[in-house]
Every structure is written in C-alpha cells, then in structure tokens.
Colleague: 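Have a look at the structure that comes next, please.
Chain naming here is simple, since letters A, B, ... match the order of the sequence lines and numbering starts at 1 in each. Note that the structure is predicted; figures quoted are calculated from it, not measured.
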There are 2 protein chains.
Amino acid sequence: MTLSLVARHAGVSLATASRVLNGSDRKPAEDIAERVRASAKTLGYVPNAQAQALARSTTGLIGLVVHDISDPYFSSIAKGVQRRAFADRHQLLLAAADGIDELSTVGAFIAHRTEAIIMAGSRRQEINPELVAELSRYQQNGGRVVTIGQWWLDGAGAVTIDNHNAGLELTETLIQAGHRRFAFLGGPEDLVSATDRRDGFALAMGRTGLVAESITSNAFTSQGGYEAATSLVERRGADGARGLTVIAGNDIMALGAIAAFRHAGLVVPGDLRVAGFDDIPNLRDYSPGLTTVRFPLEEIGVMAADISLSHAEPRTDRVVGEVIRRESA
Amino acid sequence: MTLSLVARHAGVSLATASRVLNGSDRKPAEDIAERVRASAKTLGYVPNAQAQALARSTTGLIGLVVHDISDPYFSSIAKGVQRRAFADRHQLLLAAADGIDELSTVGAFIAHRTEAIIMAGSRRQEINPELVAELSRYQQNGGRVVTIGQWWLDGAGAVTIDNHNAGLELTETLIQAGHRRFAFLGGPEDLVSATDRRDGFALAMGRTGLVAESITSNAFTSQGGYEAATSLVERRGADGARGLTVIAGNDIMALGAIAAFRHAGLVVPGDLRVAGFDDIPNLRDYSPGLTTVRFPLEEIGVMAADISLSHAEPRTDRVVGEVIRRESA
DNA sequence: TTGAAAGCGCTAACAT
DNA sequence: ATGTTAGCGCTTTCAA
C-alpha cells in the first residue's frame, strides 16, 4: 500500500494525499481530507518510514548502546530512554556492546541515521580513538551524542554521575557511623565509573587516616562480587574477614559478595558489613536490606533522551547520589 | 557522504561503487575495488540504511515489544533476541507496551517496515481484535510475527512456554515432598500465562484431593507479591499463615511476598514456604534460595529471533520448565 | 488550495 | 566486467 495508490483511490494528487495523511503546514479542504482519510483506512495504508526518512532526511530513530540489557542498571536506564523517546514519537534502536563490537554497533546506528546515539556506561580508561573519530564525524553531520556516566566526547551532551562523590559520601557516612576496617571490592580497573568510586572511597579513608585492608578489582557482576568476596575470605580466613565493612563496586556485586560470605559461613551484618552503589530496583525484597548510594536510574534515562531530542545546545546534567542506609551496613 | 560522491571520487560508476561497498554477486576487479574502498574510507562514507531499505525493500530491522524492559524476565529475553539479531546483522527496535499503546507501538514498527515483530508476554484473555487485524495484515504483506508465551495468532511463529505444566509439576513436586497446605498468589486474571500457572496448580491439588486455602490475583510485580502476601497475613493472622506453602505467580512476586512475610515477622522457610516461576538471573544471591521453575529466558529470546529471521514456515518451539528445589520450599 | 515534478541515496535490471 | 537508468515511497518546491 503506497501513498500514490491511496491518492488515486481518493481521486487526488500524491501531494494532496501526503499533506492530509502525513502532516504539513498546508491544510487541504476538509471534504477532500476526509475522502483521503477514508481511502487510506479502507486500503490499510501505513506510511513507509524509510521513504519518509529519505525524503525528509530525518528518521525518528534514536539509538541506545548498553553493556548488558539484562543488567538491572542498564535496563532501568533503557526504560527511561524508551519512555521519553516514545513520548516524542521516536523509536528506540537498542544494541549491546560487550566491548569489542562497540564500533560496529555505532556504525550500524549511523547507517540507520539515528538522530541521536546514547552511550550508556561505556567510558573506559582509554577510549577507542576510532570510536571517538566515528562519533565526532557523526556529530559534524548533525547527529547528537549523549553519554551517560561521564562526559567524554567533545560536543556531546551528557548525564554525568558523580561516582567519586558517591564513593566519598558513602564511606564518610559509614566512618561516621563508627566503621573502621574497610575492604573495597571494586569493578573493572578500566572503567572510569569503577575507579571513580574507588577513588572517592580512598579519599575518605585518607582524610580520616584510615587505610583499606584490601582493594580489589573484578567484573561488575554478581559473579564478580562473589569471586572477590570468596578470595577475600580465602586470603584472610573467616576470622580475618569478620568485622570488616565491605564496599562493593555496585549493588549486584554487593549481592554476589553477600552470597559468598554466607556460603563461607559469615553473616551480614552480624559478622561483616556490606554496601553497594546504584539502588537497583526491588532491592527492598532483599534481606538484609542493602546500604547503597541511590541513583535515579530510570530518570537518568529520561534525561539522556531529553538531551537527545532537544534542539538546543547539547547540555550536561549532573546527577548526584544519595546515601541510603539499610541493614547491611 | 553519498555513494555517488564516492563513485565520482574513485572515478567509477555508481553501480560499481555499490557493488564493491555493499555486497553483490557481481564482483568488480580487485584494483577497482581497492580504489573504491580507499575513496569510501577517506570520504568517511557510511551507507544510508534508509535508502538501501527502500531500494532493496528489506530493512534489516526486527521489532520487540515487551511489557516492561526493567523486569528481569523481559530484559533477559531481550538480551537473547538482541544477540541473535545482531549475529544476523539485524538491528533491534525495542518498545514497551504497558497495555493501551500496544496497537500504536505495533503500528510504528510496521511503519518502519521491521521484517518481524516479536510480541513478548502480552497475551491477554481477550485479545484486542484491532491488534489481531493489524498483525494479520502485516503478515499478509510479508511480515513475520512471533509470539512468546503462547501461540495466539494465525500464521505466526511462537515460542510457547508451558505454564500449565509448570504449575502442575511444581505443585506435584512439593506435594510429594510432603507439603499439604497451599496458597496461590497469582498474577493478573487477564494474563493467560498467569491463569495457566494457577490452573496447573489447581489440577495438581485436585488430583491429590487437596484444596487450596487461598487463591488470589495481583500484579506480576514485587509490589503485587508484597501486597498479596500482606493481605494473606492480615486475613488469616500470622499463626494462620504459618505452615503454608505459598506459590507465587512468578519469581519477583515470590520475592516481594517473602519480604512481606519477613516484615510480618514470619520466616521463610521456617514458618512458611514460598516458590515462584521463571528463575530470573542472580537468584543465587537471594537468601533463602528460591524454589522455582526454571525457564531459559535468554535462550527463549534467541529462539524467537531465530524464528523471526528464518525463511522457512513459521514454526512453534515449545519450552518446558524445570523445577528447581532450593531452600525456600 | 491543488497538482506536477524533482529529488532523497541506493539497488538491480538491462545495456554495453 | 562496468556503466546507464529506472525505480523504491515519500516530501516539497514551484506552477497553475
């Protein structure tokens, strides 16, 4: 079903049919318009977005690249992005970039002429220069880039997450609450968000003259947290671990760590304390309640989409976390 | 940057440039090809997927509609779909359909000429006839539809999940293990997957001559489970609830229910037992370990994408659950 | 107000 | 093996 078929069926020109069916400033007469709509309805006309995109040179597409959509951190963000995009009649192209294929993923988005590309949490210590080049060219051609986590691309918008401050505040809060012996079960060394959290932790420690009993680096997953905790217990023995306050790189690592401690016969918060970051959904169901730093994940997605869709200068929105004390620490 | 610019820069025809850059059976000479590739590279050419789609009348897009992408059930499925689609150089259009906008969502996908539409878990007791009409027409025009959960559309492919059997087996397993007093905290009445699980439960009860002490219906969310459990305790008192085996409509309801029981001073599995369905990711971290019926969520996504991309007759794959006993029941 | 026609960037016959 | 050209379905000047 094409527009010209509809036009013929309604006995009008292509141009007129286009004007009544797919918006325009010029408004055809109401009787004509009605006839066209009727024809469209009976023929089951659905506009071809591809053809429209070609003619208007704008696609109504926005692209989101995440590390792992099954990670609650990213799926919460995705939900926000999708909601905001949909409200603006835009469609969401979703891709996962588990590292190496980031470039080809972005390439695919560019091929599809997405109006914006949102990069969630992929800021590594050393950014792939090819990626930067690709995204920069994309921007020069009118594409908009929004990064989530940190700002790391010239000319791009961003929703920055103050991980350093989160690490600092969480640690200070716990120190003020009387905690003294700390271990940090951090995320990957090459992820800026992970090292920022760790550095914030280290700063708080330094200010108080405390020294961390252990600082490790593992995957940002439940398994990563589990392994980090397991090896911590192996190295120090259950008795050595007792009394520690363990800060994990994020909530799912924290949950994995707690599971590992439990398997090692250690009870949280009885034997040791654990805290995380993010406040992922449904944490309320978890026992013990996890002490964490809350970030409004879905809202972050909305903000990123907002910047994507805006016509103004790309802006940077800052998000600061809020320490949430629960039972685990 | 357009193909014709590249062609001119390389001193060849549009057709030749197209052949070397974007596959074709006809293979231009290697020296020519090299020249074209070089030009494309220096000019930073990226094919316009829209134009290609128009010319080839195939978009390389597949659409996925889920209820809520932040629900681990759906995000796991989405991960599988995305992975499989990406492996076939296809892009994923993701949309959330919290009920009413299902039709417009599907409409948008059709406008974008997705090659297939995967509908995850939206099978309601009474299907919107407009939705069916829209999808049927889509299929007649060459689109492929795959439903996840149940098969409910003529001519569509499906990955069916045997919820009835899951409810049956889980209940029978628990009965054999000596459980006698059951309550069922089900999902929404209008969702077939929810009622199928409940019916399987009821069948197992009937076969053994047992009668459920309570059967309720709430939202398929942690909150739904929490409320169902809370009202159960309110109705029967803590003592009345003690000794019950509570089967929830899915895992997140089960976790919500356990939290509610805990807040009511009841311990699982000490005071009562709880089980769920799905085996969502990271359940291992949860304590007590949740007894559930495992479905290979990510694999289900892969299967659905597989059917979407296949050129053969749309098929229906059946997935049966596997009862996983853990500590909670 | 309505219509005719020139693209948008690319593919795929069809010619050469 | 390479080039010419007619579309793909739609928007949008420009004329009427």
Colleague: Are any of B:Ser18's side-chain N or O atoms less than 4.0 Å away from OP1 or OP2 of C:dC10?
Modeller: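 Indeed not, no polar side-chain atom of B:Ser18 lies that close.
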
Colleague: Whole Å only: how far is the CG atom of B:Leu5 from the C1' atom of C:dC10?
Modeller: 13 Å

Colleague: Between B:Arg19 and B:Arg113, who's closer to the 5' end of DNA chain D by nearest nucleotide?
Modeller: B:Arg19

Colleague: Does the side chain of B:Leu61 come within less than 4.5 Å of A:Gln50's, by heavy atoms?
Modeller: yes

Colleague: Identify whether any heavy atom of A:Ser57 sits under 4.0 Å from a base atom; if not, whether one sits that close to sugar-phosphate; answer base, sugar-phosphate or nothing.
Modeller: nothing

Colleague: From the options D:dT4, D:dA1, D:dG7, select the nucleotide whose nearest atom is closest to the side chain of B:Ala29.
Modeller: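 Of the candidates, D:dA1 comes closest.
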
Colleague: Between atom CZ in B:Arg35 and atom P in D:dA1, what is the gap in whole Å?
Modeller: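 From B:Arg35 CZ to D:dA1 P: 16 Å.
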
Colleague: Kindly give the heavy-atom pair with the smallest separation between B:Thr316 and B:Trp151, and that separation in Å.
Modeller: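 Distance-wise, the nearest heavy atoms are OG1-CD1, 3.7 Å.
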
Colleague: How many Å lie between CE on A:Met1 and C1' on D:dC8, as a whole number?
Modeller: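 Answer to the nearest Å: 14 Å.
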
Colleague: If you check every side-chain atom of B:Arg56, which of C:dA4, C:dA12, D:dG3 has the closest atom?
Modeller: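 Comparing C:dA4, C:dA12, D:dG3 against the side chain of B:Arg56, the answer is C:dA12.
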
Colleague: Quick one: are B:Ile69 and A:Phe74 in side-chain contact, heavy atoms under 4.5 Å?
Modeller: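 No. Closest side-chain heavy atoms not under 4.5 Å.
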
Colleague: Can B:Asp68 and A:Arg83 be said to form a salt bridge (charged side-chain N to carboxylate O under 4.0 Å, His left out), step by step?
Modeller: CA-CA 10 Å; B:Asp68 177 2; A:Arg83 182 154 57 78; over 6 Å; no

Colleague: For the side chain of A:Thr16, starting at C-beta, report the closest nucleotide among C:dC10, C:dG3, D:dC10.
Modeller: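 Closest nucleotide among those given: C:dG3.
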
Colleague: A:Asn48 CG to D:dG7 P: how many Å, rounded?
Modeller: 18 Å

Colleague: Assess the residue pair A:Ser308 and A:Glu115 against the criterion (side chain to side chain donor-acceptor pair (under 3.5 Å)); give the C-alpha distance rounded to whole Å, side-chain angles, the decisive distance to 0.1 Å, and a yes or no.
Modeller: CA-CA 8 Å; A:Ser308 298; A:Glu115 294 172 16; over 6 Å; no

Colleague: Rounded to whole angstrom units, what separation is found between the CG atom of A:Leu54 and the P atom of C:dG7?
Modeller: 14 Å

Colleague: What is the distance from CG of B:Asp31 to C1' of D:dT2, rounded to the nearest Å?
Modeller: 12 Å

Colleague: Nearest-nucleotide wise, let me know which of B:Ala55 and A:Leu14 is further upstream toward the 5' end of DNA chain C.
Modeller: A:Leu14

Colleague: I want to verify a distance call: between C:dC10, D:dG3, D:dC10, whose nearest atom is closest to the B:Gln52 side chain?
Modeller: C:dC10

Colleague: Among C:dT2, D:dG3, D:dG9, find the nucleotide with the atom closest to the side chain of B:Val12.
Modeller: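 Taking heavy atoms from C-beta onward, the closest nucleotide is D:dG3.
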
Colleague: Whole angstrom is fine here: how far is it from NE2 in A:His112 over to P in C:dG9?
Modeller: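 Between P of C:dG9 and NE2 of A:His112: 17 Å.
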
Colleague: Does D:dG3 have OP1 or OP2 sitting under 4.0 Å from an N or O in the side chain of B:Ser13?
Modeller: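 Looking at the OP1 and OP2 atoms of D:dG3, one of them is under 4.0 Å from a side-chain N or O of B:Ser13.
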
Colleague: Nearest to the side chain of B:Asn22, which nucleotide is it out of D:dG9, C:dC10, D:dT2?
Modeller: C:dC10

Colleague: Rounding to a whole Å, what distance do you find between A:Tyr45:OH and D:dC10:C1'?
Modeller: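 From A:Tyr45 OH to D:dC10 C1': 7 Å.
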
Colleague: Looking only at the side chain of A:Ile32 (C-beta and beyond, no hydrogens), which of the listed nucleotides D:dA1, C:dT2, D:dC8 gets closest?
Modeller: C:dT2

